[in-house]
Amino acid sequence: MTDTIDTDALTEDEARTELARLAKILEQANAAYHTKDAPEISDAEYDRLKRRNAAIEAQFPTLKRDDSPSDLVGAPVADGFSKVTHAVAMLSLANAFDDADVTEFDARIRKYLGFAADSPLAYTAEPKIDGLSLSLRYENGKLVQAATRGDGAVGENVTANARTIEDVPETLSDAPEVLEVRGEVYMSHPDFEALNARQVGADQKPFANPRNAAAGSLRQLDANITRARPLRFFAYAWGALSDPLSDTQMGAIDRLQTLGFATNPLTQLCDGPDEMIAHYRLIEQKRATLGYDIDGVVYKVNDLTLQSRLGFRSTTPRWAIAHKFPAELAWTRLDAIDIQVGRTGALSPVARLTPVTVGGVVVSNATLHNEDYIAGRDNKGDTIRDGKDIRVGDWVQVYRAGDVIPKVADVDLSKRPEGAVPFEMPGRCPECGSDALREPGDAIRRCTGGLICPAQAVEKLKHFVSRAAFDIDGLGAKQVEQFHADGWIAEPADIFTLRERYGSGLQQLKNREGWGEKSALNLFDAIDDRRNIGLGRVIFALGIRHVGEVAANLLATHYGTWDAFSTAMRAAEDGNDAWEDLLGIDGVGAVMAGSLATTFNQEAEIASIYRLVAHLDIEEAVRPDTSGSPVAGKTVVFTGTLEKMTRAEAKARAEALGAKVSGSVSAKTDLLVAGPGAGSKAKKAAELRVETIDEDGWLDLIEAT
Ligand code: D41
């Protein structure tokens with residue numbers, strides 16, 4: 001049989017044989033591409049064979065092979081895995097650090113739902129596995145795709161690798177038609193020790209901890225390497241579903257177990273904070289003998305109807321929280337204090353430490369926050385560490401909590417060397433020599449050099465290319481630093497003229513050390529790919545003080561287009577309409593608004609921003625999908641007593657449906673939802689002829705969606 005045969009003409013037997021042949025060729029091509037870095041067939045030929053395979057599968061869906069090349073990782077993308085957009089976003093977890101945080105979590109949920117302190121409310125409690133999350137998609141009981149969490153919205157396609165994990169079933173019986181199972185991939189302690197022994201035996205670097213080993217193993221481009229690494233998987237959640245698994249969290253976990261997934265045996269139902277905390281203590285006690293790493297306990301509201309009523313805030317569900325174990329501590333010597341200059345000019349003192357192992361990771365740097373912290377005062381000027389200051393030469397206690405930068409907690413004065421002197425923060429920027437000043441009420445000293453400070457420029461550029469910003473393949477912090485040092489790029493706009501300036505001619509990128517023909521072309525292409533970019537990313541990438549990723553996305557959805565956003569920012573001035581509109585965004589406060597307005601009114605800044613924007617085609621912000629929502633774009637006011645939900649819940653649900661919720665009735669109000677006891681607002685609405693409905697009317701209206 002030849003490739004030129006029209007797939008339409010194939011008999012079922014021929015199709016089966018042909019699919020087997022294509023699977024073999026494509027698998028070989030993949031292996032050659034990824035492991036030997038020496039492709040055996042051209043990209044075009046590869047694509048053609050893959051399309052042919054897909055065409056036959058479409059015609060004979062029942063013949064699709066378990067090892068179908070359609071699901072194989074590693075279409076010939078330049079480097080790394082192909083991307084997968086999660087059908088349902090993978091959220092993250094908020095943290096609780098002590099018992100009081102757990103009690104508050106319960107109180108917050110009760111308040112939101114309008115539950116009395118004594119009405120029953122059950123939670124599940126389970127160990128928080130210290131691995132990496134994975135989403136497995138099953139269609140008609142067959143594993144069709146596995147993806148890492150990535151940034152929660154888009155992950156990496158690691159299907160071929162996931163298939164090598166024993167705890168990941170290839171097929172399920174009696175499963176919903178579509179089922180996305182989510183859980184944690186991890187490596188057990190004995191498997192980790194054995195792997196590291198093999199690594200050392202083969203003159204390879206050992207892994208620092210089981211989590212890194214699991215991550216390194218799952219993200220292997222060659223699935224055969226993953227196969228040789230003993231990974232495990234606990235299921236704890238789900239994404240897209242064609243039918244519900246159960247009506248409770250516990251029931252759903254049991255169902256996942258029945259379907260053939262490993263679930264954690266320490267998962268337990270608790271009737272409230274006291275039982276949750278008791279279970280936390282029990283898990284903490286067992287921690288050392290479990291045989292795998294955990295870093296806390298996760299609590300989830302058990303009733304799935306309540307979970308959906310509670311919903312989520314930006315990236316974390318309101319119905320779940322991770323109660324973390326206390327951070328691990330270690331003592332070591334403080335060798336020096338260096339000053340780093342950040343993208344907003346903040347001078348940050350960094351502790352250089354005699355390397356010490358803290359919770360399985362070697363720590364040699366820690367943050368010291370600011371000069372007050374070093375002197376023994378917190379942000380409010382109150383005494384910390386009993387007022388003990390920190391000096392070079394001191395013995396300090398460092399701790400590491402989660403993935404964050406290690407911190408210095410304490411100092412041992414009995415070991416202070418003679419002649420140690422109090423630390424003094426420089427009054428000038430160590431990078432550009434400009435004055436470094438503290439504004440009243442700010443604990444941070446800042447370089448006033450602005451755009452002339454090379455450290456600020458580099459940090460701005462690093463932020464610009466970071467994952468949540470422009471995320472340009474092949475252009476990371478290291479490359480940006482080098483390009484900046486060599487004068488190739490001074491500001492973000494310069495990235496977009498790199499091809500023009502260094503794509504050919506005497507000083508070519510491909511001739512630089514560490515670069516070649518292919519990597520240079522890939523970089524230019526990756527940059528071109530990003531000329532078309534979402535508004536939220538652009539706003540975040542500008543690196544404006546106080547404007548993080550969540551805020552950038554709020555601004556993007558509020559203003560919709562770059563023009564609307566930038567015009568409003570230029571116009572915003574304390575008290576005017578643009579300013580009030582900006583402050584009206586839920587999640588934007590006066591400090592952030594001030595920072596935005598200041599940035600857009602500095603001529604040098606704005607010129608730099610416009611030089612950048614000239615290279616871009618900025619997409620309109622995607623508003624939440626409220627198609628079919630009867631209240632999208634409408635301004636709604638709630639008044640009086642609501643009986644079936646709390647005010648907070650009503651507001652959150654209205655906003656999720658695309659409505660704007662306001663506190664007062666005006667000519668702009670579209671709808672008033674009035675419960676018993678509605679007073680002046682109902683009167684004003686009647687005067688203005690604003691449509692008014694009661695709580696049941698509101699529920700009928702939104703439930704019709
Ligand atoms: O064991 C874990 N690491 C774990 C992580 C867990 N047992 N449950 C989790 N539940 C969630 C939600 C509530 C959002 C479904 C999680 C995570 N998320 C999670 N892990 C990493 C990011 C989010």
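Start at 1 and go down the list; that is how both ligands and their atoms are numbered.
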Between [X] and [Y], is there a side-chain N and carboxylate O pair less than 4.0 Å apart?
X	Y	value
R163	E170	yes
D167	R232	no
E139	R137	yes

Check whether any N or O atom of [X], backbone or side chain, sits under 3.5 Å from an N or O atom of ligand 1, and answer yes or no.
X	result
L91	no
E126	yes
K300	yes

Per-atom contacts, ligand 1 versus [X] - under 4.0 Å to a heavy atom:
X	value
S133	20 (N), 21 (C)
P127	1 (O), 7 (N)
R149	22 (C)
A320	13 (C)
A237	15 (C)
W319	13 (C)

*asked:* Under the criterion side chain to side chain donor-acceptor pair (under 3.5 Å), I'd like the reasoning laid out for Y123 against D106: C-alpha separation, chi angles, the key distance, then a yes or no.
replied: CA-CA 9 Å; Y123 297 86; D106 174 64; 2.7 Å; yes
*Rounded to the nearest 0.5 Å, what's the gap from CG on L91 to CZ on R182? Could you check?*
8.0 Å
_Min heavy-atom dist A322 to ligand 1 below 4.0 Å_ = no
*Heavy-atom nearest option to atom 1 (O) of ligand 1, drawn from T263, V298, T315, I129*: I129
*Can a donor-acceptor pair be found between the side chains of H323 and D98 at a distance below 3.5 Å?*
no
_Under the side-chain contact (heavy atoms from CB on, under 4.5 Å) test against V398, which residue among N365, V358, L329 passes?_
V358
